[in-house]
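For ligands, and for the atoms within them, numbers begin at 1 and follow the listed sequence. Note that these values count all heavy atoms, side chains included, but never hydrogens, waters or copies made by symmetry.
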Amino acid sequence: MQRIKINDIFNPALIGQEVSVMGWVRTRRGNKHVQFVALNDGSTIRNIQIVFDMEKFSDADLKAITTGSSLHVLGRLVESQGKGQTCEVQADSFRVFGTADPEEYPLQKKGHTLEFLREKAHLRPRTNTFGAVLRVRSALAFAVHKFFQERGFFYLNTPLITASDCEGAGAMFQVTTMDLNNLPRLEDGKVDFSADFFGKPTALTVSGQLEGELGATALGAIYTFGPTFRAENSNTPRHLAEFWMIEPEVAFFDIADNMDLAEDFIKYCVRYALDNCRDDLEFLQQMYDKDLISRLESSIREQFVRLTYTEGVEILRNSGKKFEFPVEWGTDLQSEHERYLVEEHFKRPVILTDYPKEIKAFYMKLNDDGKTVRAMDVLFPQIGEIIGGSEREADYEKLLARIEELNIPMKDMWWYLDTRKYGTVPHAGFGLGFERLVLFVTGMTNIRDVIPFPRTPNNAEF
Ligand code: 4AD
Ligand code: MG
């Protein structure tokens with residue numbers, strides 16, 4: 001008989017039919033007349049209740065059915081007697097695929113802390129919480145592709161191994177095949193990278209943007225969606241060393257078009273989760289965040305506030321609030337500043353634009369004031385910065401001047417400059433940190449809990 005997934009079983013039309021279900025045992029309880037097993041197969045947050053009539057089975061038969069064991073049950077789907085369940089399976093026969101020793105199985109009990117579960121990252125997908133988060137994450141990934149594909153954007157795969165540092169922050173993971181205990185040296189004692197795999201120093205990418213611009217100035221509109229690596233030693237609830245980023249890049253776009261796209265994009269993803277992940281969001285709301293669904297709904301209803309960095313700094317300086325890091329025009333905003341603007345001042349998402357050029361990357365378009373660039377950061381409640389982007393400097397001479405000013409080696413940049421040399425066009429784009437979106441949508445508070453296998457300083461076990 002064909003297996004039915006638990007997500008498909010709660011269907012009145014199936015009542016009375018023989019079914020075959022498979023899954024992992026969440027709990028077993030009961031008495032000498034009847035035993036109840038809650039079975040979950042990952043297809044939904046909901047468990048199916050399996051009822052064992054102890055006239056047909058013995059205690060010895062059921063001995064191996066313990067929390068965490070895996071089971072195949074054949075039986076009849078019947079309307080449920082118990083409250084809260086619509087149907088259950090009356091078992092006729094069963095088979096245990098694999099046992100889980102109750103003395104050893106780490107997820108024996110309910111209610112483990114998220115910290116404990118981080119130490120058990122290899123098994124935590126089997127919990128309700130991580131099942132819900134991972135299903136929402138998957139749905140959001142699908143929404144990302146759907147949004148861009150419906151709008152005629154092309155999915156571009158940019159390289160993970162690169163010789164250039166897009167963001168100029170220098171926080172890159174080096175990639176090499178050289179023997180670190182026996183490095184070839186030049187006469188001056190420096191490492192001879194001509195002997196390395198690529199014949200020069202390379203690293204894991206911090207962003208696909210530069211190559212994304214090559215795609216956008218050919219295909220018109222592209223998006224990337226891939227892993228991104230940053231070796232910054234920031235142990236915060238919002239930073240990962242390996243995260244996923246979505247980077248759309250569009251030719252003939254200015255900063256206003258870019259802001260519209262960013263706002264539509266986030267709202268589309270949030271709405272998709274509300275429409276398609278209701279059970280999981282309700283579970284997460286009940287367990288972790290009682291305002292979750294209303295916050296998601298208000299985020300798609302409201303217009304994001306748009307203002308300049310300069311205006312934002314004014315508001316912060318006049319706020320009368322004592323910040324840990326003082327605010328002054330020219331300094332980068334800290335998470336506490338971003339969250340003040342969003343959570344306390346405006347009480348909705350904010351897009352800040354036109355930052356001082358000194359605190360932003362080299363590729364951003366210079367404004368006429370000569371001091372600020374056409375940058376945009378989208379700031380979200382609970383999260384802070386969720387998107388960073390800009391209109392790009394399309395003028396060859398100005399871009400070259402900026403690259404020279406910052407001492408970026410031309411050997412890394414000549415190919416990028418060619419986009420401005422041959423048929424340059426105004427264009428813009430942004431990067432959305434996928435895990436930050438998943439954080440917002442699930443209401444989780446630590447980014448380590450929204451990626452299956454987090455990579456952070458000193459943590460690459462699973
Ligand atoms: O602001 P960032 O550094 O911008 C860029 O990389 C641009 N090249 C994007 C573009 O214009 N195409 O990063 C973009 C977003 C941030 O807003 C944040 O959401 C996320 O990426 N992000 C991180 N997420 C998790 N862990 C980290 N260490 C992150 N660093 C950035
Ligand atoms: Mg940024």
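- When the heavy-atom distances from atom 9 (C) of ligand 1 to Glu247, Glu435, Glu391, Glu232 are ranked, the shortest goes to Glu247.
- Residue contact check: Met245 has heavy atoms under 4.0 Å from atoms 6 (O), 13 (O), 14 (C), 15 (C), 21 (O) of ligand 1.
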| said: Assess the residue pair Thr129 and Tyr288 against the criterion (side chain to side chain donor-acceptor pair (under 3.5 Å)); give the C-alpha distance rounded to whole Å, side-chain angles, the decisive distance to 0.1 Å, and a yes or no. | reply: CA-CA 10 Å; Thr129 296; Tyr288 297 101; 2.7 Å; yes
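- Here's the thing with Ile386: one of its N/O atoms is less than 3.5 angstrom from an N/O atom of ligand 1.
- From the protein, the heavy atom lying nearest to atom 18 (C) of ligand 1 is Arg436 NH1, 3.5 Å.
- Between Glu249 and ligand 1, no N or O atom pair is found at a separation short of 3.5 Å.
- The Mg ion (ligand 2) has no N, O or S atom of Asp377 inside 2.8 Å of it.
- Within the 4.0 Å heavy-atom shell around ligand 1 one finds Tyr363.
- Taking the six-membered ring wherever Trp is involved, the centroid distance between the rings of Phe148 and Phe225 does not fall below 6.0 Å.
- Summarising the geometry of Val250 relative to Ala216, their closest heavy-atom pair is N-CB, 4.1 Å, with the distance given to 0.1 Å.
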Donor-acceptor pairs under 3.5 angstrom involving side-chain atoms of residues 198-206: please list them, not counting sequence neighbours.
from, atom 1, to, atom 2, distance (Å)
Thr202, OG1, Val175, O, 3.1
Thr205, OG1, Ser207, N, 3.1
Thr205, OG1, Ser207, O, 2.7

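- The atom name of the N/O/S atom in Glu385 closest to the Mg ion (ligand 2) is OE2.
- When non-hydrogen atoms are compared, ligand 1 lies under 4.0 Å from neither the backbone nor the side chain of Asp377.
- In summary, the atoms of ligand 1 found under 4.0 Å from a heavy atom of Arg238, numbered by their order in the structure, are 25 (C), 26 (N).
- The pair Arg402-Asp395 does not count as a salt bridge, with every side-chain nitrogen at least 4.0 angstrom from each carboxylate oxygen.
- Considering Arg137, Arg455, Arg448 as possible partners of Glu435, the one that fulfils the salt bridge (Lys or Arg N to Asp or Glu O under 4.0 Å) test is Arg137.
- Proximity of Glu385 to ligand 1, defined as any heavy-atom pair under 4.0 Å, is shared by backbone and side chain alike.
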Side chain to side chain donor-acceptor pair (under 3.5 Å) between Glu213 and Gln209, intermediate numbers included:
CA-CA 6 Å; Glu213 288 183 50; Gln209 179 196 321; 2.8 Å; yes
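- Ser164 and Thr162 form a side-chain donor-acceptor contact under 3.5 Å, judged by distance and modelled atom types alone.
- Shortest contact from atom 15 (C) of ligand 1 to any protein heavy atom: Gly431 O, 3.6 Å.
- For the pair Arg124 and Asp449, the salt-bridge criterion is met [side-chain N within less than 4.0 Å of a carboxylate O].
- Proximity to Gly388 (heavy-atom distance under 4.0 Å) selects the following atoms of ligand 1: 1 (O), 9 (C), 10 (C), 11 (O), 17 (O).
- Taking the ring axis of Phe380 as reference, the NZ or CZ atom of Arg436 does not stay both within 45° of it and closer than 6.0 Å to the ring centre.
- Ligand-side atoms of ligand 1 in range of Arg392: 10 (C), 11 (O), 12 (N), range being under 4.0 angstrom from any heavy atom.
- Below 30°, between 30° and 60°, or above 60°: for Phe323 and Tyr340 the angle between ring planes is above 60°, a perpendicular geometry.
- Below 3.5 Å of separation, one finds no N or O of Val206 facing any N or O of ligand 1.
- Against a heavy-atom cut-off of under 4.0 Å, Gly389 is close to the following atoms of ligand 1: 11 (O).
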Discussion item. Under the criterion salt bridge (charged side-chain N to carboxylate O under 4.0 Å, His left out), I'd like the reasoning laid out for Arg135 against Asp279: C-alpha separation, chi angles, the key distance, then a yes or no.
Written reply: CA-CA 10 Å; Arg135 281 185 296 270; Asp279 286 355; over 6 Å; no
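- Not a single heavy atom of Arg455 sits under 4.0 Å from any atom of ligand 1.
- A salt bridge links Glu344 to Lys321: one of the charged nitrogens lies within less than 4.0 Å of a carboxylate oxygen.
- At a heavy-atom distance under 4.0 Å, only backbone atoms of Phe430 (N, CA, C or O) approach ligand 1.
- Atoms of ligand 1 found under 4.0 Å from any heavy atom of Gly433, numbered from 1 in the order shown, are 15 (C), 19 (O), 20 (C), 21 (O).
- Taking atom 24 (N) of ligand 1 as the reference point, the nearest protein heavy-atom neighbour is Phe243 CD1, 3.5 Å.
- Counting heavy atoms under 4.0 Å from ligand 1, residue Glu167 touches it through the side chain alone.
- Residue contacts with ligand 1: Ser207 is placed with a nitrogen or oxygen under 3.5 Å of a nitrogen or oxygen of the ligand (distance criterion only).
- Contacts of Ile387 with ligand 1, taken as heavy-atom pairs under 4.0 Å, involve the backbone alone.
- Taking the ring centre of Tyr223 as origin, the terminal cationic atom of Arg151 falls outside the region bounded by 6.0 Å and 45° from the ring axis.
- Both the backbone and the side chain of His239 come within 4.0 Å of ligand 1, judged by heavy-atom distances.
- A salt bridge is absent between Glu297 and Arg301: the closest approach of a Lys/Arg side-chain nitrogen to an acidic carboxylate oxygen does not fall below 4.0 angstrom.
- When only non-hydrogen protein atoms are considered, atom 6 (O) of ligand 1 lies nearest to Arg230 NH2, 2.8 Å.
- The protein non-hydrogen atom at the shortest distance from atom 28 (N) of ligand 1 is Leu240 O, 3.0 Å.
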